[in-house]
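Whatever order the structure lists ligands and atoms in, that order sets their numbers, starting from 1.
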Amino acid sequence: MNVANKTIVITGVSSGIGAETARCLRAHGARVIGVDRNEPSITLEGFVKADLSEQAAIDAAFAQLPERFDALCNVAGVPGTAPVDLVARVNYLGLRHLCGRALERLPEGGAIVNIASILGAQWPERLAQHKALAEAASFEAGLAFLARHPVPQETCYQYFKEALIVWTVTQSQRWFLERGVRMNCVSPGPVFTPILGDFVQMLGEQRVQQDAHRMKRPALADEVAPVVAFLCAQESRWVSGVNLPVDGGLASTYL
Ligand SMILES: NC(=O)c1ccc[n+]([C@@H]2O[C@H](COP(=O)([O-])OP(=O)(O)OC[C@H]3O[C@@H](n4cnc5c(N)ncnc54)[C@H](O)[C@@H]3O)[C@@H](O)[C@H]2O)c1
């Protein structure tokens, strides 16, 4: 995996999948600049503390990032036990805003990887809604759209992961053609990280039991991280606009 000497920005770097992605990329010779609301507990080449739910805070954090970097991994996320407004801001609107800003600094051949979820797999059922939201061009326009089209708390996590997949796939080709920047999603199934318990609470025991029979076990974060790293690497230079499940085959059982 050729990422040596690349500078890679990772959000959500202070826990779970983000921390493992940082470890993996550094082990392959990349320089990692982390962004998170919490301090990291691993060695990084740089760190910017920021709350990615606020546009102004994202812009302030962006100002502290290197003038040029090679890839952006958007790993930060909150579970559906958080208030719906926060889920919308962190998992979708803020992420999109950061991608738009990053485009200014990513070179031809740059990459963006967005962490969605297996829980976004039902995006085809709401494609028209997600495309309409994707057309809201800014963070503020997205908030205004969501005020007109409220999302229920119970399904907000699924909704914004679906929306993220649709936005990533539909937006990617324009950026690839115009800027040579690739953008892809990785959709993990359940992963042993601090927020796994929130997912159990969010989905309910019945759904968790149903899924438990369809898979070997939840993933370890270091089983997801190398796939994210690969999508930043030179070897994936012709992969763009895909949503790649990393779920031990769980999504395949939904057909
Ligand atoms: N764990 C799972 O089972 C699972 C499954 C599918 C998808 N995901 C997704 O993977 C991503 C990473 O999750 P994880 O499991 O590593 O969880 P985690 O809680 O271990 O890590 C999430 C990180 O995001 C950061 N973060 C959250 N809100 C933030 C904010 N407002 N500003 C800045 N940083 C913020 C947290 O501080 C934390 O370091 C998330 O997008 C999550 O939705 C997780």
Side-chain angles (χ1 to χ4, degrees), residues 9-24 32-42 44 47-62 64-65 72-99 112-122 139 156-165 168 185-203 207-208 211-212 215 217-225 227-228 243-248 250-251:
V9 174
I10 304 178
T11 74
V13 78
S14 300
S15 181
I17 298 168
E20 281 305 326
T21 302
R23 225 189 296 267
C24 176
V32 172
I33 314 296
V35 182
D36 204 294
R37 63 184 169 180
N38 296 324
E39 295 291 332
S41 52
I42 55 172
L44 299 170
F47 176 72
V48 179
K49 191 167 184 172
D51 176 354
L52 296 169
S53 67
E54 296 289 342
Q55 180 173 344
I58 297 169
D59 289 336
F62 190 75
Q64 297 174 62
L65 293 177
L72 166 67
C73 302
N74 286 301
V75 188
V78 290
T81 46
V84 57
D85 179 61
L86 188 64
V87 178
R89 286 165 174 269
V90 178
N91 293 12
Y92 183 78
L93 294 173
L95 183 160
R96 263 183 25 174
H97 182 69
L98 185 57
C99 289
I112 299 173
V113 186
N114 297 328
I115 305 302
S117 170
I118 189 173
L119 291 174
Q122 283 166 308
F139 193 102
C156 68
Y157 182 82
Q158 291 87 328
Y159 190 93
F160 289 110
K161 290 299 189 184
E162 291 173 9
L164 176 60
I165 293 167
T168 300
C185 274
V186 166
S187 281
V191 188
F192 284 117
T193 70
I195 59 173
L196 188 58
D198 290 88
F199 289 116
V200 174
Q201 194 184 327
M202 188 179 104
L203 294 171
R207 165 73 192 270
V208 171
D211 278 357
M215 63 180 183
R217 56 169 172 75
L220 301 171
D222 69 1
E223 292 168 317
V224 179
V227 181
V228 181
N243 173 40
L244 181 55
V246 183
D247 61 1
L250 182 56

### Query
Hey, does Val78 have a side-chain heavy atom less than 4.5 Å from the side chain of Arg89?
no
#### Entry: Side-chain touch Phe139/Arg96, heavy atoms, less than 4.5 angstrom
no
### Message
As a test of reading the model: which residues have a non-hydrogen atom less than 4.0 Å away from ligand 1?
### Response
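Lining ligand 1 at under 4.0 Å, by heavy atoms, one finds Gly12, Ser14, Ser15, Gly16, Ile17, Asp36, Arg37, Asn38, Ala50, Asp51, Leu52, Ser53, Val75, Ala76, Gly77, Val78, Val90, Ile115, Ala116, Ser117, Tyr157, Lys161, Pro188, Gly189, Pro190, Val191, Thr193, Pro194, Ile195, Leu196, Phe199.
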### Message
Out of the candidates Val228, Asn74, Val191, Leu95, only one should pair with Ile115 under the side-chain contact (heavy atoms from CB on, under 4.5 Å) rule; please name it.
### Response
Val228
### Summary
Residue set satisfying side chain to side chain donor-acceptor pair (under 3.5 Å) with Tyr157, at least two apart, ordered chain then number -> none
### Task
For the pair Glu223 (side chain) and Leu220 (backbone), establish whether a donor and an acceptor sit closer than 3.5 Å, ignoring hydrogens and angles.
yes
### Task
Please step through side-chain hydrogen bond (donor to acceptor under 3.5 Å, both in side chains) for the pair Thr81 and Asp198, ending with a clear verdict.
CA-CA 6 Å; Thr81 46; Asp198 290 88; 2.8 Å; yes
